[in-house]
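Index from 1, following the sequence.
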Amino acid sequence: MFKSYYLKWYLIVTGVLGSATTLSLLLRHDSFNGVRWWEYPEYAFQLAVVLFVCWFVHGIFLLHDFKWLNSYSKHIVSNVLATVFTFSTSFILYHLLPKSSLRDSGVPFDSLSDMAIHLLGAFLASLVSYVVFYSVHTNLALQNSKLENEILEQEHLRAQLISLQQQISPHFLFNSLSTLKTLTSEQPTKNYIVQLASVYRYVLNFNQHYLTPLRDELTFIRSYLFIMTTRFEDSLQVSIDVPEEHLGYMIPPLSVQLLIENAIKHNMISAEHPLHISIKTDNTPALIVSNNLQLKKIAEESTKTGLNNITERYKLLVHKPIHIINDGTNFKVILPLLNT
């Protein structure tokens, strides 16, 4: 709420209301009598403090989420509290600041009718501040959303360009793999070629989509794990426990593969110390990918590219964070599943 954009509009509102209030005082015939020069900045300071209280309260409610308040209730509570705090601030300043002829020309706090007038003024100040803050906040959110969409489009186009630059003709590769499969009579080799083709096909296609069904992602992961377990054999043990009702949810493509690759990269894998990777879901719903920690003695330099990639994609696509938990024994990443 204290970003320069919000502070700029607070100063604008304060200047407009301050000018209007001061002008109304000056238009009175007796307003010039006995008014000393320092009373005007003092009056402006009092108004600025009162409006800042409104601005601060509305900023708390509009810039934060409260689970116990729905959207309609948040508007009401914000204005009620802003009105109460503004009235209280005006009352305190009235009794703390020295008396002046400019303030004496206004409404005192001597009777219930005076209190009602000040309460009405506090409500109007709160309402004006709320309308301006809400409009500024909504406009800024809209601009940020447009900017994020533009960035996402640019990143998507960049990924497609890099993919086109780095790949030879997919048809050539698939035809070559099909030919290679016919050249061998060994079934394990045929199976390996089929799974490799499946992995490559999925990697080529993912650039066309921001999200993919969890069912398709896990089908790809099984092909990817076939290749990895061929390499590591029983040293790599992966369990997948995802119920049927969760397979229709969406996830950014290649997210799970990046996490598995990250686990293999940073942990020791041997027959004596196998790497256990678990892939499961909860009812949040979220996908949980975890592995036991047995870090390599000579750690590979980590660029954190994989985790940063997933984090940024979730931030851009769905504005939801991923959760990373490292308790020293297990490493766990929780990916929210999306229902589109």
For Leu81 versus Phe61, what's the shortest heavy-atom pair and its separation? CD1-CZ, 3.5 Å

Between Met115 and Phe123, is there a shared hydrophobic cluster once you connect ILVMFWY residues whose side-chain heavy atoms come closer than 4.5 Å? no

Hits for side-chain contact (heavy atoms from CB on, under 4.5 Å) against Glu272, two or more places apart or cross-chain, chain-then-number order -> Ser270

From Ser223 atom OG to Leu218 atom CG, the distance as rounded to the nearest 0.5 Å: 11.0 Å

Look up atom CZ in Phe85 and atom OG1 in Thr89, then write down how far apart they are to the nearest 0.5 Å. 8.0 Å

Before you tell me yes or no, could you show the steps for Glu261 and Lys265 under side chain to side chain contact (heavy atoms under 4.5 Å, CB included), namely the whole-Å CA-CA distance, both residues' side-chain angles and the distance that decides it to 0.1 Å? CA-CA 6 Å; Glu261 185 179 52; Lys265 176 181 178 182; 5.5 Å; no

Between Asn291 and Ala263, which heavy-atom pair has the shortest distance, and what is it? OD1-CB, 3.6 Å

Measure from the side-chain N and O atoms of Lys332 to the backbone N and O of Asp327, and report whether any donor-acceptor pair falls under 3.5 Å. no

Between Glu217 and Arg222, does at least one N-O distance fall below 4.0 Å, as a salt bridge requires? no

Residues at least two apart in sequence or cross-chain that pass salt bridge (charged side-chain N to carboxylate O under 4.0 Å, His left out) with Glu312, listed by chain then number, are Lys315

Find out whether Met268 and Leu295 are in side-chain contact, i.e. whether some heavy atom of one side chain is under 4.5 Å from a heavy atom of the other. no

Take a 6.0 Å sphere around CD1 of Ile76 and say whether it holds more than 12 heavy atoms from other residues, nucleotides or ligands. yes

Donor-acceptor pair between Gln237 and His276 side chains, under 3.5 angstrom: yes

Can you check whether Leu214 reaches Thr281 side chain to side chain, under 4.5 Å on heavy atoms? yes

4.5 Å side-chain heavy-atom contact, Phe331 and His266: no

Between Leu254 and Phe220, is a side chain to side chain contact (heavy atoms under 4.5 Å, CB included) present by the stated rule, with each step listed? CA-CA 9 Å; Leu254 298 181; Phe220 156 71; 3.5 Å; yes

Do Asn326 and Ile324 come within less than 4.5 Å of each other through their side chains, counting heavy atoms only? no

For the pair Leu51 and Thr86, evaluate side chain to side chain contact (heavy atoms under 4.5 Å, CB included) and give the outcome as yes or no after the intermediate values. CA-CA 7 Å; Leu51 288 176; Thr86 300; over 6 Å; no

Asn292 to Asn267 - nearest heavy-atom pair and separation: O-OD1, 3.7 Å

For Phe232, what residues pass the ring-ring contact (aromatic ring centres under 6.0 Å, His included) criterion, not counting sequence neighbours? none

Interatomic distance, Ile288 atom CD1 to Ile325 atom CD1 [nearest 0.5 angstrom]: 8.0 Å

Does Leu259 reach the side chain of Ile277, with side-chain heavy atoms less than 4.5 Å apart? no

According to a 4.5 Å side-chain heavy-atom criterion applied to Ile, Leu, Val, Met, Phe, Trp and Tyr, with indirect links allowed, do Leu225 and Ile227 form part of one hydrophobic cluster? yes

I'd like to check Leu211 versus Pro252 (side-chain heavy atoms, cut-off strictly below 4.5 Å). Are they in contact? yes

Over all heavy atoms of both residues, which pair between Ala271 and Pro274 is shortest? Give the atoms and the distance, please. O-CD, 3.7 Å

Shared hydrophobic cluster for Val53 and Leu120 (ILVMFWY, side-chain gaps under 4.5 Å): no

Is there a donor-acceptor pair under 3.5 Å between the side chain of Ser126 and the backbone N or O of Ala122? no

Rounded to the nearest 0.5 Å, what's the gap from CD1 on Ile334 to NE2 on His323? Could you check? 6.5 Å

Side chain to side chain donor-acceptor pair (under 3.5 Å) assessment of Asn191 paired with Gln195: CA-CA 6 Å; Asn191 293 339; Gln195 298 301 333; over 6 Å; no

Quick one: list whatever passes ring-ring contact (aromatic ring centres under 6.0 Å, His included) with Phe91, sequence neighbours left out. His95, Phe109

Going by side-chain contact (heavy atoms from CB on, under 4.5 Å), name the residues that satisfy it together with Ser73, two or more places apart in sequence or in a different chain. Leu69, Asn70

Who are the side-chain contact (heavy atoms from CB on, under 4.5 Å) partners of Asn283, not counting sequence neighbours? His246

Heavy-atom closest pair, residues Ser90 and Val50: OG-CG2, 3.5 Å

Once you round to the nearest 0.5 Å, how far does CD1 of Ile260 lie from OG of Ser255? 11.0 Å

Find out if a path of hydrophobic residues (ILVMFWY) with successive side-chain heavy-atom gaps under 4.5 Å connects Leu124 to Val77. no

Report, as yes or no, whether the 6.0 Å neighbourhood of atom CZ on Phe226 holds more than 12 heavy atoms from other residues, nucleotides or ligands. yes

Side chains of Tyr314 and Pro321: closer than 4.5 Å at any heavy-atom pair? no

Is the shortest side-chain heavy-atom distance between Ser235 and Ile269 below 4.5 Å? yes

Phe56 reachable from Leu127 in the ILVMFWY side-chain graph, under 4.5 Å edges: no

Could you state the interatomic distance from CD1 (Ile251) to CG (Leu335), rounded to the nearest 0.5 Å? 5.0 Å

Are the side chain of Gln294 and the backbone N or O of His273 linked by a donor-acceptor pair below 3.5 Å? yes

Residues Asp241 and Pro243: closest non-hydrogen pair is O-CD, 4.0 Å

Working for side chain to side chain contact (heavy atoms under 4.5 Å, CB included), residues Val238 and Ile279: CA-CA 8 Å; Val238 183; Ile279 303 172; 4.1 Å; yes

